[in-house]
Protein chains: 2
Amino acid sequence: MELFVERGYVQTTVEEIAARAGLTERTFFRYFEDKREVLFSGSKGLEKSIVEGIASAPKGASPFDAVAAAFEAAGAELQERRDLQYVRARWALVTQHAEIRERELIKLASLAVAVRAALHARGVDEPAASLTAEAGIAVFKIGFERWLEERKPRDFADHIRAAVVALRGVTVGGDEKKKKARSEKKDKKDKKE
Amino acid sequence: MELFVERGYVQTTVEEIAARAGLTERTFFRYFEDKREVLFSGSKGLEKSIVEGIASAPKGASPFDAVAAAFEAAGAELQERRDLQYVRARWALVTQHAEIRERELIKLASLAVAVRAALHARGVDEPAASLTAEAGIAVFKIGFERWLEERKPRDFADHIRAAVVALRGVTVGGDEKKKKARSEKKDKKDKKE
DNA sequence: CTCCTGATGTCAGTTAGTGACATGAGCGGT
DNA sequence: ACCGCTCATGTCACTAACTGACATCAGGAG
């Protein structure tokens, strides 16, 4: 990350990274599949913590609530463990380089698969499991972005909860009850948070 | 695609692709940003058709309904224009090669951005626009996968509608009304489709 | 002390991707 | 008919990400 900040991602060669770490290029590639992967060392742990969060949600909780709760907890954990400056620097790389954004997206996709499996383990069937997983990821993504957008990011969990509420507002209003449901519901529910 | 099927994606070099097309490697890279991009020539058109679909949805429609309708239409269009065999071969590449899946994901992300913008143009504000876009993409992804899973894929739009219904089922049940809402609603609504 | 194993280094090779410059076909203007 | 311009393509040389094969070397078990 030092090198990426100093000289930019593209300008930094793997050889330089390896040298800075006191290794050879070859050894670097024994630890990381490719150059990008060096930015994703934590993703396995995050996934684990989220899966555990889902597994340990109360029996009565709806699948979606279980996932949302797990994301809240994981967000809080990340908040404690990682330096905000590092998170910001990393996020800048993700937004600026399509190459890295691709990797970020595939990590999220792999997270979605893990979440789906965790839901299957709770007895949720398809296609609800897949859709809950995808919806959960969407909430996480948007919650994360809005959290980082704050000048001095505060509670991650707040943003997750806000995104959950917004998503509920959005999907409400099916084929049958187009007219009624919209105006009243939105006003009342969103205030509470 | 001929070459990819014959010898596999990794084994096929850009030089070979160029030769088969009667070009040099250099010219290939003038038309495609990189090797993967050759598999995504249609994505711009798909995006356009979806954005137009959202713009032309009836005024009264909810944002989510507008997005869902646009995806239905775009799915139908794709169904007509593309050879099923090609779609399957392409999808096999996407699932088998992380490299290509990454690119697929970033195209979907770019689609999400376009959808979000189209919703802004309809007067939808944040975070509803972002969440509707993400939810729409999720529905599209899952609808597409389930459509392709059929031995003889039939109506794409059916799968989109089914995914929409499932997503509505999943996000239902907020903080206030945990107990009631679940069992009755699901049974009645899902039957209709 | 020795053998084995696992981590690291060395080296040579492939391929994706890029920049600089050459060529050549077609086209508009005179 | 000729000129000169432009745009697509080709040629060439170069960088940097990755990979496979083999060498080396340190530390631990016996």
Side-chain angles (χ1 to χ4, degrees), chain A residues 1-45 47 86 89-110, chain B residues 1-45 47 86 89-111 113:
Chain A
M1 186 56 85
E2 288 169 19
L3 285 165
F4 289 160
V5 169
E6 279 174 31
R7 353 173 19 123
Y9 176 77
V10 246
Q11 284 71 37
T12 307
T13 73
V14 173
E15 202 183 348
E16 289 167 335
I17 301 174
R20 174 73 61 105
L23 300 168
T24 58
E25 199 180 342
R26 193 63 181 86
T27 301
F28 175 95
F29 283 117
R30 286 200 180 95
Y31 283 86
F32 302 100
E33 292 214 346
D34 55 37
K35 184 182 171 183
R36 291 170 251 173
E37 201 64 17
V38 81
L39 289 164
F40 294 84
S41 58
S43 70
K44 190 83 186 298
E47 183 171 311
Y86 175 86
R90 190 183 166 287
W91 187 243
L93 291 176
V94 170
T95 52
Q96 283 159 29
H97 300 281
E99 207 178 333
I100 307 178
R101 194 158 56 248
E102 286 187 335
R103 184 56 50 86
E104 176 87 359
L105 291 172
I106 215 174
K107 295 294 181 188
L108 286 175
S110 135
Chain B
M1 186 56 86
E2 288 169 20
L3 285 165
F4 290 159
V5 169
E6 280 173 31
R7 357 174 15 125
Y9 177 76
V10 246
Q11 285 70 38
T12 307
T13 72
V14 174
E15 201 183 350
E16 289 168 334
I17 301 175
R20 175 73 62 105
L23 299 169
T24 58
E25 199 180 344
R26 194 61 182 86
T27 302
F28 176 94
F29 284 118
R30 288 201 179 94
Y31 284 86
F32 302 101
E33 292 214 346
D34 56 37
K35 183 180 172 184
R36 291 169 249 172
E37 202 63 19
V38 81
L39 289 164
F40 294 85
S41 58
S43 71
K44 189 83 186 298
E47 183 172 309
Y86 174 86
R90 189 182 165 287
W91 188 242
L93 291 176
V94 170
T95 53
Q96 283 159 30
H97 301 281
E99 208 177 333
I100 307 178
R101 194 158 56 248
E102 287 187 334
R103 185 55 52 86
E104 176 86 359
L105 291 171
I106 216 174
K107 293 295 181 188
L108 286 176
S110 135
L111 178 55
V113 170

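Letters A, B, ... mirror the listed sequences (proteins, then strands); counts begin at 1. Computed from heavy atoms alone, side chains included, the values below leave out hydrogens, waters and symmetry copies.
- More than 12 heavy atoms of other residues, nucleotides or ligands lie within 6.0 Å of CD in E6(B), so this atom counts as buried by the packing criterion.
- In this structure, E16(B) places its CD atom 14 Å from P of dT14(C), rounding to the nearest Å.
- Counting to the nearest Å, the P atom of dA16(D) and the CG atom of D34(B) are 19 Å from each other.
- The nearest whole Å value for the distance from the NZ atom in K35(A) to the P atom in dG17(C) is 14 Å.
- We find that CZ of R26(B) is positioned 16 Å from P of dC14(D), with the value rounded to whole Å.
- In this structure, F28(A) atom CZ and dA17(D) atom P are separated by 9 Å, rounded to whole Å.
- In this structure, R30(B) places its CZ atom 15 Å from P of dG17(C), rounding to the nearest Å.
- Rounded to whole Å, atom P of dC7(D) lies 13 Å from atom OH of Y31(B).
- Within the cation-pi definition used here (under 6.0 Å to the ring centroid, within 45° of the axis), R90(A) does not qualify as a partner of F4(A).
- Each of E25(B) and E15(A) has a nearest nucleotide on DNA chain D; the 5'-most of these lies closest to E25(B).
- Checking each of H97(A), K107(A), R36(A) against E102(A) for a side-chain contact (heavy atoms from CB on, under 4.5 Å) leaves exactly one that passes, namely R36(A).
- Between the CZ atom of F29(B) and the C1' atom of dG10(D) there is a distance of 15 Å, given to the nearest Å.
- No more than 12 heavy atoms of other residues, nucleotides or ligands shown are found within 6.0 angstrom of CD on E15(B).
- Taking only side-chain nitrogens and oxygens, T27(B) comes nearer than 4.0 Å to OP1 or OP2 of dG10(D).
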